[in-house]
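Below: one structure, written as structure tokens.
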Amino acid sequence: MLTTLARFAMSRPRAVLVAALLLMIVCGGFGATAKSHMVGGGYLTPELESVQANDFIDAHFPGGNPNFIVMVSSDEGVNGPRTRAEAQRITDLLSHDPDVTGVQSYWTSAAARPDLATALRSQDGKRGLIMATVTGTDTEVQNRAVKLSERLNGDRDGVRVRVGGMAGTFADINHQVEKDLILAESIAVPVSGVLLVLVFGSVIAAGLPLVVGLFAIAATLGILRLMTTFMEVSIFALNMTSALGLALAIDYSLFIVSRYREELGNGLDTRAAIARSIQTAGRTVVFSGLTVALALAALAVFPQPFFKSFAYAGVAVVAAAVGASLLLLPAALILLGDRVNAWDLRKPLRRILGRGEPKPVPPEQSGWYRWVTTVMRWPLPFALVTTAILLLLGSPFLSAHFGTPDDRMIGTFASSRQVGDALRQDFTANMASSAVVVLPGFHGAPNEIGGYAAALSQVPGIPAVMSGDGVFVKGAKMAPGIAQMTGPDGAYLSVGTKEAPFTDAGKEQLAQLRAVPAPGPVLFGGAAALNEDTMDSVLTRLPLAAGLIAVITLVLLFLFTGSVVLPVKALILNVLSLTATFGAMIWMFQNGHLAGVLGFTPTGSVDIFMPILMFCLAFGMSMDYEVFLLSRIREEWLASDRSPAANTRSVALGVARTGRIFTAAAGLMAVVLLAVATSHVTAMKLFGIGLALAVIADATIIRGLLAPALMRLMSTGNWWAPKPLAALHKRIGLEEEPAAEKDSVLTH
């Protein structure tokens, strides 16, 4: 297949490049509107009890579980004339909006329901709330909330209006992610260009990976937009898959272009050098892409649209990066020929410094060769010390605490964050995190609901339980009546709380609420229940996803190397590397170290979705460098006498020939990922910094220390496979031909 692709691209180079340009324009144009069709959440699934509770309220008690909160504040107090006038304007606007139901406000409740008014007024009397439910699908709610936020947010005549709630939060996050993507790409592309020039010297050679990277970004946007037509796609996929496409395209192009220049230096003509590069580095790119794509595909086992959108989009983006590298680069290189080395900026610099042309350094005299031979001279001490350091770095992961995201994921500049902070600090109960208790089909006597509400109010940390127009505070009913929360299809209660839903105290409180005997079948909804149900849903599928990734890795690396030992070694090294990375993430983001420097608010927990996504991505990207390194080590091993000394020499030569390339690739990928980390959304910071650390650690500590040490300890056992598997590997046809044979086949 690779031979066919190389021949096709070299025989029709202009047609291939023109077709790619047209495809890039079409994908870019089609994908330009992708962000407006994406959802801010994607964390929930219909089978969750908490989702069913919320759906029941939406269907039978519109507005009973508000997702849109407007905070109106003024120094003159909530009862000042200007504050009242502004609140009335907002209430009227929401009440007449056909997509908004269940509008309640402090100002309309003050006389009719003083109990509710107390919950909707801040303790200092300067802030009041207006609550409502924005209806529709996740995408519709998100888009409608954006429009409402634009109309309502602002300061008018000394009165401050801020929009929050779940709908307002995701509206703010979507807007910020869109802005952050533009900033990230404006940083990543030029900085990557500068680094590529430093790596290659030649501006032309450096430009090729960037061109392939820009193609990958355009293809990513088109793929994401297409996906939005038949499924929910998370807004976070916009940044993450664009970064992934750019990073992988640059990585793969770097591998192929570097090998091409090496083969030109070895005396091959242009066509033979391209062919050799595609059959060696191109083969590595295919296996690397398969590993990354299948690791991401494992996310599809999770039911949440958030994970599924990354699974499908990730596979498509990796395929685009691999395809572009294997087709566009041969077409461009056959046209460029030796001119790939043109515009070498190092030549004028050397003339200015009075230095002559540097002589090529044989691999055996390179710094990488000397370093690796030193490591392999004392492999056991290096292996033990490095492993101990990685485990020490990973130790904070033992105290990891996971939760689902809330408004604190975005900075204090966002209106939803300002509303959330006020609810947590200045109100009797946090109306955004209140629990809802649903009794579907309940037809009992009203006093049964009243008794249940009174019992719920006895749970520690519950300021009040609302049932209709009555509020139960520690068993004392402050106003009669439950009519508003009962109906022909059942009943519900709203349970106020001061506990953060993602903390241990919040989980314990929910367990105590569930333990209160109910007068009928009951469903729990609200922030704490959503968090618990989502965590259970994710964690039950986690072993399956991890198992799939492990099996995929073992099978692919066996097909690549013919060994059963090297895949197991690679799996162990990846786990060690990721353990250290996740430990650092817990230390920074959960425990709050460097929060001031990085500009985020620690919450005592880490978004459960990000580590899982990072694991799949980091695992696949780490295999990128493993495959690249093993391909060169294996080339040397196949050309040797297969002795223990040959194994040591093969490892040293493999690292010496690839060390500069994979560290440059890791640096370039880290630049792209750290550009993503400039986001003002905490999840994006975690994603960018975490993956950048994983890539850098893998390319330095793992490939430069631990991998050579272990391969020296295992000696010729590295290449062992049981006879039946060895025969299977030979029969599948993935053994490489000798270089001379290969070149003669490809150049005819």
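For the single chain, residues carry numbers from 1 onward in sequence order. Side chains are part of it too, since the values below use all heavy atoms of this structure and drop only hydrogens, waters and symmetry mates.
- Nearest heavy-atom pair, L328 versus A20, reported as atom, atom and distance to 0.1 Å: CD2-CB, 3.2 Å.
- Contact annotation: the side chain of F8 approaches that of L327 to within less than 4.5 Å [non-hydrogen atoms, C-beta and beyond].
- Once rounded to the nearest 0.5 Å, the distance linking CE of M614 with CZ of F582 reads 5.0 Å.
- Counting only residues at least two apart or on different chains, no salt bridge (Lys or Arg N to Asp or Glu O under 4.0 Å) pair has a member in residues 10-23.
- Under the salt bridge (Lys or Arg N to Asp or Glu O under 4.0 Å) criterion, the residue pairs touching residues 646-656 are E364-R649, with sequence neighbours excluded.
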For T579 and L390: C-alpha separation, side-chain torsions, deciding distance, then whether side-chain contact (heavy atoms from CB on, under 4.5 Å) applies.
CA-CA 7 Å; T579 297; L390 291 173; over 6 Å; no
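- Atom CD1 of I701 and atom CG of L393 lie 7.0 Å apart (nearest 0.5 Å).
- To the nearest 0.5 Å, atoms OG1 (T561) and CG (L556) are separated by 10.5 Å.
- Within the 4.5 Å cutoff, the side chain of I274 has heavy atoms near those of the P330 side chain.
- Applying the ring-ring contact (aromatic ring centres under 6.0 Å, His included) rule to F619 yields the partners F615; only residues at least two apart in sequence or on another chain are considered.
- Put simply, the side chain of Y260 does not reach to within 4.5 Å of the side chain of L329, judged on heavy atoms.
- For E262 and R632, the salt-bridge test passes: some basic side-chain N is under 4.0 Å from an acidic carboxylate O.
- The shortest non-hydrogen separation linking A298 to I549 is CB-CG1, 3.7 Å.
- Of all heavy-atom pairs between L264 and G337, the closest is CD1-O, 4.4 Å.
- Between the side chain of S253 and the backbone N or O of A249 there is at least one donor-acceptor pair closer than 3.5 Å.
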Could you check N574 against T553 for side-chain contact (heavy atoms from CB on, under 4.5 Å), going step by step and ending with a plain yes or no?
CA-CA 11 Å; N574 265 19; T553 299; 5.8 Å; no
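- Proximity of a side-chain donor or acceptor of S640 to a complementary backbone N or O of W637 within less than 3.5 Å is detected.
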Under the side-chain contact (heavy atoms from CB on, under 4.5 Å) rule, what do L335 and L17 come out as? Steps first, then yes or no, please.
CA-CA 11 Å; L335 293 175; L17 294 176; 3.7 Å; yes
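- Partners of I25 according to the side-chain contact (heavy atoms from CB on, under 4.5 Å) rule, which considers only residues two or more places apart in sequence or in another chain, are L21.
- Between A677 and I689, the shortest heavy-atom distance links the atoms CB-CG1, 3.6 Å.
- Scanning both residues, V318 and G289, for their nearest heavy atoms gives CG1-O, 3.3 Å.
- With sequence neighbours excluded, no residue forms a side-chain hydrogen bond (donor to acceptor under 3.5 Å, both in side chains) with T648.
- Considering only heavy atoms from C-beta on, L617 stays 4.5 Å or farther from F310 through its side chain.
- Judged as a salt bridge (charged side-chain N to carboxylate O under 4.0 Å, His left out), and not counting sequence neighbours, D251 has no contacts.
- Each salt bridge (Lys or Arg N to Asp or Glu O under 4.0 Å) pair with one or both residues in residues 556-582, not counting sequence neighbours, appears once here: K569-E626.
- For the pair L728 and L725, the minimum side-chain heavy-atom distance is below 4.5 Å.
- The structure places OG of S277 at 7.5 Å from CG of L333, a figure rounded to the nearest 0.5 Å.
- Relative orientation of the F255 and F628 rings is parallel, given thresholds of 30° and 60° on the angle between their planes.
- Applying the side chain to side chain donor-acceptor pair (under 3.5 Å) rule to pairs touching residues 708-728 yields N647-N718, N647-W719, sequence neighbours excluded.
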Evaluate the salt bridge (Lys or Arg N to Asp or Glu O under 4.0 Å) criterion for residues E635 and R283: first the C-alpha distance (whole Å), next the side-chain angles of each, then the deciding distance (0.1 Å), finally the verdict.
CA-CA 12 Å; E635 278 189 58; R283 177 176 180 267; over 6 Å; no
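- In this view, E636 and S650, L653, R657 satisfy the side-chain contact (heavy atoms from CB on, under 4.5 Å) rule, not counting sequence neighbours.
- Only one option out of L195, L246, I250 pairs with V671 in a side chain to side chain contact (heavy atoms under 4.5 Å, CB included); it is L195.
- For R377, the side-chain contact (heavy atoms from CB on, under 4.5 Å) partners are T373, T374, not counting sequence neighbours.
- Between atom CD of residue E263 and atom OG1 of residue T270 there is a gap of 12.5 Å, rounded to the nearest 0.5 Å.
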Just distance, no hydrogens or angles: give the donor-acceptor pairs under 3.5 Å from side chains in residues 218-226, sequence neighbours left out.
unit_1 : atom_1 : unit_2 : atom_2 : d
T220   : OG1    : A216   : O      : 2.7
R225   : NE     : T33    : OG1    : 3.4
R225   : NH1    : T228   : OG1    : 2.9
R225   : NH2    : H37    : NE2    : 3.4

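- Counting only heavy atoms from C-beta outward, the side chains of D180 and K685 never approach each other to under 4.5 Å.
- Residues passing the side-chain contact (heavy atoms from CB on, under 4.5 Å) test with T663 are W368, sequence neighbours excluded.
- Of the possible donor and acceptor atoms, none in the side chain of T387 sits under 3.5 Å from a partner among the backbone N and O of L384.
- Distance check: L244 CG to L296 CG gives 6.5 Å after rounding to the nearest 0.5 Å.
- Looking at heavy atoms from C-beta onward, L391 lies in side-chain contact with L576 at the 4.5 angstrom threshold.
- Side-chain contact check for C27 versus F215: every heavy-atom pair is 4.5 Å or farther apart.
- Of all heavy-atom pairs spanning G654 and T658, the tightest one is O-OG1, 2.6 Å.
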Decide yes or no on side-chain contact (heavy atoms from CB on, under 4.5 Å) for L22 and V18, but give the supporting numbers first.
CA-CA 6 Å; L22 292 175; V18 170; 4.2 Å; yes
